[in-house]
Engineer: 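Below: one structure in structure tokens.
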Number of protein chains: 2
Amino acid sequence: MDKPKIMLADDHGVLLSGIQLLLSKVDEWEIVGIVSSGEEAVENASLWDPDLILMDISMPGIGGIEATRQIKEKFPHIKILMLTMFSEEDYLKKALKAGASGYVLKKAVDTELISAVRTVLQGETYIYPTMSSFLFKGFTEEKKDKDECPLSAREKEVLKYVALGFTYQEIADELFVSVKTVETHKARISDKLNMKKRSELVRYAVSQGLISINE
Amino acid sequence: MDKPKIMLADDHGVLLSGIQLLLSKVDEWEIVGIVSSGEEAVENASLWDPDLILMDISMPGIGGIEATRQIKEKFPHIKILMLTMFSEEDYLKKALKAGASGYVLKKAVDTELISAVRTVLQGETYIYPTMSSFLFKGFTEEKKDKDECPLSAREKEVLKYVALGFTYQEIADELFVSVKTVETHKARISDKLNMKKRSELVRYAVSQGLISINE
DNA sequence: ATTTTTGTCAGGGAAACCCCTAATGACTCC
DNA sequence: GGAGTCATTAGGGGTTTCCCTGACAAAAAT
């Protein structure tokens with residue numbers, strides 16, 4: 001048979017029992033092992049070769065984040081679902097950077113945890129609904145900054161191209177104006193923001209959401 | 001009393017009845033109105049003054065996205081929860097940009113929808129778990145590209161500063177080398193990548209994760 | 001052992017950039 | 001209706017930066 005294999009990594013005995021019981025109720029997978037520290041998780045990942053590891057963040061020794069990093073380094077095919085009580089933005093980002101495919105809070109209800117496990121096993125990503133708001137700053141908070149931004153629409157347009165590395169000539173061609181116009185805009189921008197170095201302008205443009213990686 | 005007021009905007013009669021029934025079961029809020037087009041939603045938002053609008057995306061006339069934009073423009077305090085069958089990345093991003101506070105798929109189970117409404121009413125954001133993976137591209141997929149990067153460590157370092165808008169002189173001071181050295185590195189980078197325009201280098205640096213908006 | 005890559009530097013000319021000045025239209029404020 | 005502010009558009013002249021062509025030694029690859 002080919003039921004997915006799940007490994008648990010958590011040092012909270014009581015919770016562990018609960019999770020074990022809960023996951024056992026569903027006949028879609030089987031629990032192949034339980035560990036209670038980050039080191040054990042790394043060591044046993046190769047032995048039991050699970051499809052998914054339910055990983056706590058706060059564990060003795062190396063935490064769940066570092067364990068995730070090491071496991072994903074050696075065995076990229078193993079999916080890792082963080083199960084933690086930390087609802088801070090920082091932990092979520094670190095977990096994702098370490099290679100986790102999902103993030104669920106321990107206050108989640110049974111159906112949510114099962115749904116998360118199922119989702120991650122399918123190769124998708126599951127982020128606890130209220131946590132995902134951390135991931136799109138810049139999407140919604142654009143307008144709040146506009147009030148404080150002393151630049152005109154045209155100036156912001158110019159700044160955007162400047163920050164993206166366009167030369168004044170290129171910007172001029174893009175906006176169908178003279179190079180001199182672009183230079184003036186840039187001068188006024190530098191003056192208003194009191195930033196003379198181009199690198200400062202780039203940082204400002206990024207902070208204002210004028211340029212965005214997620215296009 | 002001050003129960004939160006909820007308004008429904010959807011043109012699917014059957015589904016509407018279901019949602020109405022489902023939300024009525026919970027005694028935490030009351031449904032104050034039902035509309036079946038984007039225009040109606042905008043018009044009635046001020047009349048009924050709901051705390052939350054459950055909004056479909058595909059509706060006659062202006063869709064739910066545009067309706068959301070107009071409502072948030074005039075009445076920023078009204079929370080909007082998108083309820084749609086579209087699971088595409090583009091719709092999620094557009095909805096968030098328009099000002100939606102939540103995004104739930106119609107295939108969600110009852111508890112999820114109730115949880116979403118509750119979350120959004122509390123002022124938080126609720127994103128359907130499997131949808132949020134669209135929001136953090138660049139977090140996880142950084143290393144995959146690094147292998148193909150033909151640049152040396154020093155060159156990548158220089159490129160980073162170039163992309164951040166530093167001048168050669170500034171980079172030289174930063175790295176304690178001659179300006180001419182920096183210029184040579186930049187020339188090699190342009191040569192290797194076949195990119196002569198600075199803006200292209202910025203884009204490349206971003207795509208390689210050499211510079212990151214998320215600090 | 002020889003070729004290639006890497007890191008370091010220079011000179012000269014071209015291009016980009018910066019500072020100062022300024023005209024025009026739009027807008028507000030008496 | 002004028003006076004002032006601001007946005008947008010430019011030009012002249014000087015300065016900095018950038019690009020191209022070389023160069024050479026150390027390290028790495030072959």
Engineer: Quick check on C:dC9: is either OP1 or OP2 less than 4.0 Å from any side-chain nitrogen or oxygen of B:T181?
Structural biologist: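 Answer yes for this pair, as a side-chain N or O of B:T181 is under 4.0 Å from OP1 or OP2.
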Engineer: What integer distance in Å separates A:Q169:CD from C:dC17:P?
Structural biologist: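 These atoms are roughly 9 Å apart.
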Engineer: Nearest heavy atom decides the nucleotide; on that basis, is B:L175 or A:Y168 closer to the 5' end of DNA chain C?
Structural biologist: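 Between the two, 5'-proximity favours B:L175.
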Engineer: Would you kindly say whether B:S115 and B:E112 are connected by a side-chain donor-acceptor distance under 3.5 Å?
Structural biologist: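 Their side chains do not contain a donor-acceptor pair, so the 3.5 Å distance test is not met.
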Engineer: Counting the atoms with a prime plus P, OP1 and OP2 as sugar-phosphate, which does A:T167 contact under 4.0 Å by heavy atoms, base, sugar-phosphate, or nothing?
Structural biologist: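 Sugar-phosphate only.
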Engineer: Starting from the 5' end of DNA chain C, give me the residue, B:K192 or B:V177, whose nearest nucleotide shows up first.
Structural biologist: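 Between the two, 5'-proximity favours B:K192.
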Engineer: To the nearest Å, give me how far apart NE2 (A:H185) and P (D:dA7) are.
Structural biologist: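 Rounding to the nearest Å, NE2 of A:H185 and P of D:dA7 are 10 Å apart.
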Engineer: For the residue pair A:K186 / A:S190, report whether a side-chain donor-acceptor contact shorter than 3.5 Å exists.
Structural biologist: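 Indeed, the side chains of A:S190 and A:K186 share at least one donor-acceptor pair under 3.5 Å.
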Engineer: Name the nucleic acid region contacted by A:S190, choosing base, sugar-phosphate or nothing; use a 4.0 angstrom heavy-atom cut-off, strictly under.
Structural biologist: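 Touches nothing.
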Engineer: So, A:E28 and A:R118, do they make that salt bridge, N to O below 4.0 Å?
Structural biologist: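 Looking at A:R118 together with A:E28, the answer is yes, because their closest N to O distance falls below 4.0 Å.
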Engineer: Of the options D:dC18, D:dC6, C:dA10, whose atoms approach the side-chain atoms of B:R198 most closely?
Structural biologist: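 Of the candidates, D:dC18 comes closest.
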Engineer: At under 4.0 Å, does any side-chain N or O of B:S178 touch on OP1 or OP2 of C:dA10?
Structural biologist: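 For C:dA10, OP1 or OP2 has a side-chain N or O of B:S178 closer than 4.0 Å.
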Engineer: Rounded off to whole Å, could you give me the CZ-to-C1' distance for the A:R188 and C:dA22 pair?
Structural biologist: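 About 12 Å, once rounded to whole Å.
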Engineer: Measure the distance from NZ on B:K180 to C1' on D:dT21 and round it to the nearest whole Å.
Structural biologist: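 So the NZ-C1' distance, B:K180 to D:dT21, works out to 11 Å.
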Engineer: Atom CD of B:E157 to atom C1' of C:dT6: distance rounded to whole Å?
Structural biologist: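 One finds 14 Å between C1' of C:dT6 and CD of B:E157, rounded.
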Engineer: Could you verify whether a donor N or O on one side chain and an acceptor N or O on the other, from B:Q122 and B:T119, lie under 3.5 Å apart?
Structural biologist: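 Short answer, no.
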Engineer: Calculate the interatomic distance between B:E183 atom CD and C:dG12 atom P; express it in whole Å.
Structural biologist: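 Taking atom P of C:dG12 as the reference, CD of B:E183 is at 14 Å.
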Engineer: Let me know the distance between NZ of B:K186 and C1' of C:dC9, rounded to the nearest Å.
Structural biologist: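 About 18 Å, once rounded to whole Å.
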Engineer: Atom CZ of B:F166 and atom C1' of D:dT17: how far apart are they, to the nearest Å?
Structural biologist: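 Answer to the nearest Å: 16 Å.
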Engineer: Return the orientation label for the A:Y161 and A:F166 ring planes: parallel under 30°, perpendicular over 60°, tilted otherwise.
Structural biologist: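 Plane angle over 60°, so perpendicular.
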